[in-house]
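To start, the structure under review is shown below, and the notes come after it.
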Amino acid sequence: MHNIHFIRENPVEFDNQLKKRGIKSFSETIIKIDEEKRKSQTSLQKLQEERNNVSKEIGLLKSKNQDSSELLKKVEKIKNDMQVLKELEDIKNDELNGILKNLPNLPSNDVPVGLDEKSNVEIKKWGSPPNFDFKPKNHYEIGENLGLMDFELASKLSGSRFVILRGMLSKLERALTQYMLDKHTTQNGYTEINTPVLVKEHTLYGTGQLPKFVDDLFTVGDDFWLIPTAEVTLTNIVRETIVNENLLPLRFTSNTQCFRSEAGAAGKDTRGMIRSHQFSKVELVSITKPEQSNDELERMLKSAESILQDLNIHYRIVTLSTGDMGFAANKTYDIEVWLPGENKYREISSCSNCGDFQSRRMNSRFKNTKENKTEYLHTLNGSGLAVGRTLISIMENYQNSDGSFNIPKVLIPYMNNIDKIH
RNA sequence: GGAGAGUUGGCUGAGCGGUUGAAAGCACUCGAUUUGAAAUCGAGCAAGGUGGCAACACCUUCCGGGGUUCGAAUCCCUGACUCUCCGCCA
């Protein structure tokens with residue numbers, strides 16, 4: 001949610017920044033509605049003041065058993081006038097919020113400008129692609145040939161975009177999750193949290209999935225929604241709270257199942273487990289003071305990278321362009337892992353700084369004791385990492401010509417010391 | 001699923017139609033005392049908004065929404081959540 005004061009004072013900048021995301025100018029409309037709202041608000045407040053005063057007088061007269069019928073008539077008229085103004089103010093408020101809640105965050109100034117992923121900028125490569133003396137297979141070929149990955153069976157139970165893992169492959173996914181959580185909690189300073197995956201509507205509003213992205217979400221009777229990412233629950237931990245300054249920054253990590261309808265992705269990545277309705281992800285969330293969030297984004301990115309480095313898998317990092325960023329972000333890095341079977345890079349993590357955008361929606365603040373002010377927190381989130389995609393990157397990068405694949409060194413202890421799946 | 005109780009400031013918690021935006025305590029900030037600290041004493045301390053150059057004034061907010069009333073934290077309806085007991089159940 002945007003700060004209306006900022007828009008009032010910097011309408012040109014506001015429009016320019018949104019234009020970078022391909023959004024038309026709104027400041028003029030916003031300011032006009034805001035002025036109308038404030039106008040009726042001010043008049044309404046005058047009447048409220050009058051009513052309060054008259055009511056006090058009435059109370060006084062009544063306590064002395066004196067006649068107050070004159071004042072009662074007066075207050076009745078005030079109340080009628082108030083009602084009109086109140087309705088007007090409500091209408092204007094709804095209009096204003098209707099616009100504001102659907103506008104994405106402003107991009108940070110160091111974000112490359114562009115309309116889509118073509119303008120993303122590669123900023124780093126780590127490691128190098130493995131050399132194979134055979135034609136590397138896709139993860140689903142490997143998995144299906146080994147009899148450990150079953151899409152048909154999954155669809156029998158749940159339709160398309162689900163997968164069933166068996167035996168050692170299922171164990172490998174569990175090992176990966178375990179490894180990631182251990183790493184983040186013991187070395188990267190995150191606190192492990194186990195959250196619900198069903199949430200109420202307001203929770204999804206807080207992080208910005210609602211109201212705009214209803215179609216991407218699954219809902220389950222009685223105002224329950226399935227989370228599309230643990231960002232939702234981890235970030236909403238500070239919803240409606242004033243956090244003690246000394247506790248900042250807060251760093252949370254959680255492994256959850258994530259649920260996405262993939263409504264806009266019909267026909268895309270239908271084969272394999274790149275894009276499922278349900279997948280496991282280890283998420284990282286940081287809650288910081290405003291001046292800390294830029295550094296925290298770099299730190300978070302390093303935490304996510306550390307997993308792929310430990311696994312020794314080639315990846316690159318891109319800064320998302322203004323047109324490719326998510327709704328709540330002001331800056332986003334994607335980590336893209338190398339998939340030899342597809343012969344391309346694929347997103348495996350997305351780390352974003354949301355500034356105070358989500359905080360304003362959630363009303364999450366901290367007390368700045370030095371200046372004796374309450375201020376909005378900054379929130380950040382990143383995958384650390386998407387477990388399913390990490391699993392397939394291991395399969396493809398560690399595959400052997402005979403259809404087997406090796407277990408990365410760091411995971412062997414988590415796999416009862418086996419070093420190969422065949 | 002049935003019965004009941006609750007939701008008040010950063011926290012604990014009083015208030016149950018009119019000087020209550022809210023007692024008291026804790027926490028926090030400043031000051032006094034002290035060699036320093038603790039203890040003690042004094043003072044301050046909710047948020048959001050509107051108007052104003054400002055000093056400041058005013059409005060709103062006691063879980064959300066609606067209502068009764070001249071006036072609501074307080075009464076009524078409704079929704080969400082929490083707790084207790086019973087039933088059922090992983």
Side-chain angles (χ1 to χ4, degrees), chain A residues 1-9 30-97 100-101 194-206 210-211 219-225 232-233 236-248 250 257 287 289 356 359-377:
Chain A
M1 187 68 95
H2 291 285
N3 181 357
I4 185 72
H5 292 103
F6 176 84
I7 302 174
R8 260 185 235 154
E9 283 156 32
I30 291 172
I31 289 173
K32 184 167 164 277
I33 300 171
D34 178 52
E35 270 167 11
E36 290 165 351
K37 185 205 98 177
R38 276 150 63 212
K39 209 173 139 196
S40 27
Q41 185 180 8
T42 308
S43 324
L44 178 64
Q45 289 184 355
K46 288 228 172 75
L47 289 178
Q48 282 169 330
E49 181 182 0
E50 224 178 301
R51 180 207 57 192
N52 291 345
N53 289 336
V54 175
S55 289
K56 260 180 203 157
E57 283 182 56
I58 292 172
L60 222 62
L61 287 179
K62 288 216 163 166
S63 69
K64 293 181 194 159
N65 269 326
Q66 290 177 347
D67 175 52
S68 58
S69 54
E70 206 57 25
L71 291 176
L72 286 174
K73 256 184 235 165
K74 194 171 162 188
V75 92
E76 196 180 342
K77 186 179 177 310
I78 294 174
K79 279 176 73 178
N80 285 334
D81 295 346
M82 271 173 58
Q83 202 181 347
V84 178
L85 286 168
K86 174 77 176 125
E87 276 164 21
L88 191 61
E89 192 195 333
D90 286 347
I91 289 167
K92 291 298 163 189
N93 238 335
D94 288 349
E95 268 182 58
L96 194 60
N97 286 331
L100 289 179
K101 70 188 177 189
N194 200 325
T195 81
V197 295
L198 285 173
V199 295
K200 296 283 182 185
E201 184 178 339
H202 58 244
T203 308
L204 286 156
Y205 179 85
L210 288 177
T219 177
V220 188
D222 289 341
D223 184 30
F224 281 120
W225 301 70
V232 172
T233 41
N236 272 281
I237 286 175
V238 293
R239 180 171 169 270
E240 304 259 300
T241 57
I242 298 179
V243 178
N244 187 330
E245 193 178 10
N246 304 325
L247 299 175
L248 299 171
L250 295 170
Q257 294 293 316
I287 313 285
K289 295 187 203 178
D356 64 6
S359 281
R360 287 180 183 279
R361 290 177 158 249
M362 297 188 297
N363 202 18
S364 302
R365 294 162 297 168
F366 73 100
K367 186 95 178 173
N368 182 336
T369 46
K370 213 169 180 181
E371 299 184 37
N372 198 29
K373 277 197 312 195
T374 45
E375 293 182 48
Y376 287 106
L377 292 160

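Naming convention: chains lettered A, B, ... in sequence-line order (proteins, then strands); numbering from 1 in each chain.
The separation between A:Ile78 atom CD1 and B:G71 atom C1' is 12 Å, rounded to whole Å. In this structure, the CG atom of A:Asn3 is 8 Å from the P atom of B:G49, given to the nearest Å. Distance CG (A:Asn363) to P (B:A47): 12 Å, rounded to an integer number of Å. Between the C1' atom of B:U20 and the NZ atom of A:Lys56 lies a distance of 11 Å, rounded to the nearest Å. If you take NZ of A:Lys367 and C1' of B:G48, they are 13 Å apart, rounded to a whole angstrom. If you measure from atom NZ of A:Lys37 to atom P of B:U50, you get 6 Å, rounded to the nearest angstrom. In this structure, NZ of A:Lys373 is placed 18 Å from P of B:G10, rounded to the nearest angstrom. In this entry the distance linking CG of A:Asp223 with C1' of B:G64 reads 13 Å, nearest Å.
Side-chain N/O atoms of A:Lys39 include none lying less than 4.0 angstrom from OP1 or OP2 on B:U50. Regarding contacts with the backbone of B:G48, a side-chain N or O of A:Thr374 is found under 4.0 angstrom from either OP1 or OP2. Regarding contacts with the backbone of B:U50, a side-chain N or O of A:Arg8 is found under 4.0 angstrom from either OP1 or OP2. Contact check, A:Lys62 against B:G71: no side-chain N or O comes under 4.0 Å of OP1 or OP2.
Nucleotides B:G10 and B:U84, compared at atom P, are 26 Å apart to the nearest Å. The separation of B:G9 from B:G64, taken at their P atoms, amounts to 10 Å, rounded to a whole angstrom. Here, B:G36 and B:A43 have their C1' atoms 24 Å apart, quoted to the whole Å. Rounded to a whole angstrom, the distance from the C1' atom of B:U61 to that of B:U82 is 22 Å. Comparing the P positions of B:A14 and B:U7 gives a spacing of 9 Å, expressed to the nearest Å. Comparing the C1' positions of B:G17 and B:U29 gives a spacing of 37 Å, expressed to the nearest Å. Spacing of P atoms, B:A47 relative to B:A37, comes out at 29 Å, to the nearest Å. On the C1' atoms, B:A73 is 38 Å away from B:A32, given to the nearest whole Å.
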If you restrict it to nitrogen or oxygen atoms, what contacts under 3.5 Å exist between nucleotides 75-83 of chain B and the protein, and what is each distance?
from, atom 1, to, atom 2, distance (Å)
B:C81, OP1, A:Lys200, NZ, 3.1

Contact list (N/O, under 3.5 angstrom) for nucleotides 57-61 of chain B vs protein:
from, atom 1, to, atom 2, distance (Å)
B:C58, O2', A:Glu49, OE1, 3.4
B:C59, OP1, A:Asn52, ND2, 3.1
B:C59, O3', A:Gln48, OE1, 3.2
B:C59, O2', A:Gln48, OE1, 2.6
B:U60, OP1, A:Arg51, NH2, 3.1

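Taking the salt bridge (charged side-chain N to carboxylate O under 4.0 Å, His left out) definition, one finds that A:Glu95 meets it with A:Lys92, sequence neighbours left out. Qualifying side-chain contact (heavy atoms from CB on, under 4.5 Å) partners for A:Glu201, counting only residues two or more places apart in sequence or in other chains: A:Leu210, A:Asp223, A:Trp225. Every residue was checked against the side chain to side chain donor-acceptor pair (under 3.5 Å) condition with A:Glu50, not counting sequence neighbours, and none meets it. For A:Asn194, there are no side chain to side chain donor-acceptor pair (under 3.5 Å) partners at least two apart in sequence or on another chain. Remark: A:Glu375 pairs with A:Asn368 by the side chain to side chain donor-acceptor pair (under 3.5 Å) rule, at least two apart or across chains. In this structure A:Asp94 satisfies the salt bridge (charged side-chain N to carboxylate O under 4.0 Å, His left out) test with no other residue, sequence neighbours excluded. Remark: A:Asn53 pairs with no residue by the side chain to side chain donor-acceptor pair (under 3.5 Å) rule, at least two apart or across chains.
In RNA chain B, runs of at least 3 stacked Watson-Crick or G-U pairs (N1-N3 plus N6-O4 or O6-N4, or N1-O2 plus O6-N3, all under 3.5 Å) give these stems: B:1-7 with B:80-86, B:10-12 with B:24-26, B:28-32 with B:40-44, B:46-51 with B:56-61, B:63-67 with B:75-79.
Across all strands, A:Lys79 comes closer than 4.0 Å only to sugar-phosphate atoms, never to a base (heavy-atom distances). Across all strands shown, A:Ile58 has heavy atoms under 4.0 Å from base atoms, whether or not it also approaches the sugar-phosphate.
In this structure, A:Tyr376 and A:Arg38 both approach RNA chain B, and ranking their closest nucleotides by distance from the 5' end singles out A:Tyr376. Closest-nucleotide positions on RNA chain B for A:Val75 and A:Asp34 were compared, and the one nearer the 5' end corresponds to A:Asp34.
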Enumerate, atom names and distances included, each donor-acceptor pair closer than 3.5 Å involving a side-chain atom of residues 68-85 of chain A, sequence neighbours excluded.
from, atom 1, to, atom 2, distance (Å)
A:Ser69, OG, A:Asp67, OD1, 3.2
A:Ser69, OG, A:Asp67, OD2, 3.1
A:Lys77, NZ, A:Asp81, OD2, 3.1

Side-chain atoms of residues 37-47 of chain A: list all donor-acceptor pairs with protein atoms under 3.5 Å, sequence neighbours left out, distances to 0.1 Å.
from, atom 1, to, atom 2, distance (Å)
A:Arg38, NH1, A:Asp34, OD2, 3.0
A:Ser40, OG, A:Glu36, O, 3.0
A:Ser40, OG, A:Lys37, O, 3.2
A:Thr42, OG1, A:Arg38, O, 2.7
A:Ser43, OG, A:Lys39, O, 2.9

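Here A:Ile31 contributes atom CD1 and A:Glu9 contributes atom CD; the two are 10.0 Å apart, rounded to the nearest 0.5 Å. In this structure, A:Ser364 OG and A:Leu377 CG are separated by 6.0 Å, a value rounded to the nearest 0.5 Å.
The minimum heavy-atom distance between A:Leu247 and A:Leu250, with the atom names listed, is O-CD2, 3.6 Å.
Side chain of A:Leu72, nearest nucleotide from B:A47, B:G49, B:C70: B:C70.
Proximity of a side-chain donor or acceptor of A:Asp356 to a complementary backbone N or O of A:Tyr376 within less than 3.5 Å is not detected.
You'll find the side chain of A:His2 stays beyond 4.5 Å of the side chain of A:Arg360, heavy atoms only.
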